[in-house]
Amino acid sequence: MHHGEYFRLMTGRDAIVEWLKHSGITAAPSDPGRIAEQILASLGGFRRTGLLADRDTLKLLDEMAKSVRKYADGTEEEFSDRSVDVKRWRDLVARRSAARFGYGASLDAFIEANVLRLGIGLVCPNCQKRNWFGIDGLRLELTCDRCLQTFAFPQGSLNFQHTPWQYRVIGPYSVPDYAAGAYSTVLALSVFAQRLGGHDSELTYATGLDLALDDGTRMEADFVFWYRRSKTFGRDVEPALVFGEAKSFGAEGLTAEDVARMRKLAERFPGSFVVFATLKDELSATEKAGIADFAMWGRELSPRGAPRTPVIVLTASELFCKWRIDQTWSDLGGMRAALAESRRHDFDNLQTFADVTQQVYLGLSDRHAQFGQASPASAEDSERPRL
């Protein structure tokens with residue numbers, strides 16, 4: 001007899017949610033998490049995240065996103081996403097294409113990724129309101145958004161010297177506040193997926209989870225993932241567990257409350273890594289002090305001789321990296337170049353990456369010098385989380 005059997009492959013998010021459940025934590029996708037997933041889906045995964053790895057591009061996308069006006073009585077009014085002239089995008093793409101590692105940034109690439117949609121801006125002759133019509137909605141008879149009256153497409157009265165073609169953002173890119181913070185989450189994940197230099201590294205991730213701990217505590221993690229670097233000396237390396245907090249351009253984005261939440265997770269999962277990511281060039285003094293205190297706590301050795309919770313810091317230098325972090329650091333010069341060019345600093349070893357980012361962004365000393373240790377010979381010695 002033949003017996004049919006079926007099985008379902010779990011997504012990374014489902015696998016992490018199920019694993020957290022067995023650890024006493026109920027997890028569900030958050031709204032920003034869903035937006036980050038939609039962005040990754042539109043980009044085809046991490047393959048084209050480089051389209052977003054540019055400060056001016058993100059600022060223009062946010063300028064074009066829907067705006068929300070909040071009133072004193074708590075009500076909100078949402079306004080449509082704003083269109084911009086094609087020339088602004090054409091100029092931005094030309095600048096990016098001319099830069100080093102600027103390949104892949106083209107108007108076609110943004111359109112194929114469902115970031116932009118082309119349309120035309122026309123003034124209604126009845127109420128004088130400017131309308132925007134996507135190319136899929138152009139007809140001989142058009143309907144005004146405001147007065148709802150119809151008018152003929154102005155085939156003979158268009159300004160043919162300056163035809164008002166415009167782009168609008170669509171889908172998750174129309175969400176304000178840098179896609180509710182999803183851009184920083186996507187770019188932070190892409191660092192570990194393809195910017196650390198390990199071509200065979202594996203990433204199993206979940207974006208934006210609302211967590212309910214069995215002690216009644218509720219919190220959010222912007223991302224959670226398991227990271228396994230390529231084989232070391234032919235041996236498989238046990239995955240590292242990583243929790244992350246990602247922020248956009250806020251002056252004091254990483255707050256004491258954020259650090260406290262990450263510490264609670266670190267206490268719950270000894271040996272896990274914690275990532276703090278921001279789209280800014282550097283941390284504020286307050287952010288640096290709070291994260292540095294946490295990092296020093298995380299450096300303390302567990303009974304098995306490994307740091308309790310290694311902390312990794314990412315800034316614009318890493319999130320906007322076009323190729324590999326070590327190359328970007330070498331180009332930046334100074335302390336980062338010295339660390340990148342030191343042979344013992346293998347960035348796809350997360351222990352090493354944590355140590356060097358703490359030195360650069362938190363002003364801490366070399367962890368191995370602090371404890372009088374030799375550098376770990378491989379990830380086998382340092383990336384064995386308690387899963």
Side-chain angles (χ1 to χ4, degrees), residues 30 32 36 52-63 65 175-192 195 208 219-223 242-267 273-300 307 309-321 325 328-329 331-340 347 350 353-367 370:
S30 65
L52 301 180
D54 177 76
R55 188 192 315 271
D56 292 340
T57 300
L58 294 190
K59 288 187 175 293
L60 181 53
L61 287 173
D62 197 56
E63 177 186 331
V175 178
D177 298 325
Y178 297 96
Y183 293 145
S184 54
T185 291
V186 168
L187 291 174
L189 286 171
S190 73
V191 167
F192 298 93
R195 306 293 182 213
M219 62 177 67
E220 181 183 1
D222 288 328
F223 53 85
V242 183
F243 296 98
E245 182 72 20
K247 300 295 184 182
S248 300
F249 293 99
E252 299 290 344
L254 294 163
T255 66
E257 290 77 13
D258 296 325
V259 175
R261 284 190 289 105
M262 291 297 104
R263 176 160 175 168
K264 191 170 185 66
L265 286 172
E267 292 170 341
F273 290 74
V274 168
V275 175
F276 292 100
T278 176
L279 293 173
K280 300 185 300 181
D281 291 315
E282 58 185 18
L283 301 177
S284 70
T286 302
E287 291 172 320
K288 181 186 291 187
I291 297 172
D293 286 345
F294 178 32
M296 289 301 293
W297 173 85
R299 282 185 170 191
E300 295 179 11
T309 303
V311 171
I312 296 171
V313 180
L314 304 177
T315 68
S317 296
E318 294 74 43
L319 299 189
F320 294 145
C321 172
I325 302 298
T328 296
W329 279 26
D331 292 343
L332 289 170
M335 182 180 185
R336 281 176 287 204
L339 289 169
F347 282 15
L350 296 192
F353 195 46
D355 186 34
V356 296
T357 61
Q358 288 177 27
Q359 292 181 58
V360 170
Y361 297 118
L362 303 180
L364 302 183
S365 62
D366 183 296
R367 180 179 64 82
Q370 175 184 346

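Here, residue 1 is the first one in the sequence, and each next residue gets the next number. Computation of the quantities below employed the complete heavy-atom set of this structure, encompassing side-chain atoms and omitting hydrogens, waters and symmetry-equivalent molecules.
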Exercise. Can you check side chain to side chain donor-acceptor pair (under 3.5 Å) on Thr255 and Asp258, steps first, answer last?
Worked result: CA-CA 5 Å; Thr255 66; Asp258 296 325; 3.1 Å; yes
Can you name the closest pair of heavy atoms from [X] and [Y] and give their distance?
X	Y	answer
Phe223	Thr185	CD2-CG2, 4.1 Å
Leu187	Leu52	CD1-O, 3.8 Å
Leu279	Ala316	O-CB, 3.2 Å
Ala188	Ala277	CB-CB, 4.0 Å
Ala266	Thr309	CB-OG1, 3.3 Å
Pro32	Ala182	O-CB, 4.1 Å

Do [X] and [Y] touch side chain to side chain, with heavy atoms closer than 4.5 Å?
X	Y	value
Trp297	Glu267	yes
Tyr183	Leu319	no
Phe353	Val275	no
Gln359	Met335	yes

Exercise. Salt-bridged, Asp355 to Arg299, with N to O below 4.0 Å?
Worked result: yes
For this session: Please determine if Asp281 and Arg55 form a salt bridge, counting it only when a charged side-chain N lies under 4.0 Å from a carboxylate O.
Result: yes
For this session: With sequence neighbours excluded, tell me which residues meet side chain to side chain contact (heavy atoms under 4.5 Å, CB included) with Arg336.
Result: Ser317, Trp329, Leu332, Val360, Tyr361
Exercise. Do other residues, nucleotides or ligands put more than 12 heavy atoms under 6.0 Å from the CD atom of Glu282?
Worked result: no
For this session: Evaluate the criterion side chain to side chain contact (heavy atoms under 4.5 Å, CB included) for residue pair Thr278 and Glu287; output intermediate values, then yes/no.
Result: CA-CA 11 Å; Thr278 176; Glu287 291 172 320; 5.6 Å; no
Problem set entry | Candidate pair Thr328 and Phe320, rule side chain to side chain contact (heavy atoms under 4.5 Å, CB included), full reasoning | CA-CA 10 Å; Thr328 296; Phe320 294 145; over 6 Å; no
Problem set entry | Chi angles and distances behind the side chain to side chain contact (heavy atoms under 4.5 Å, CB included) call for Phe294, Val274 | CA-CA 10 Å; Phe294 178 32; Val274 168; 3.8 Å; yes
Exercise. Does Glu252 use its side chain to pair, donor to acceptor, with the backbone of Ser284 at less than 3.5 Å?
Worked result: no
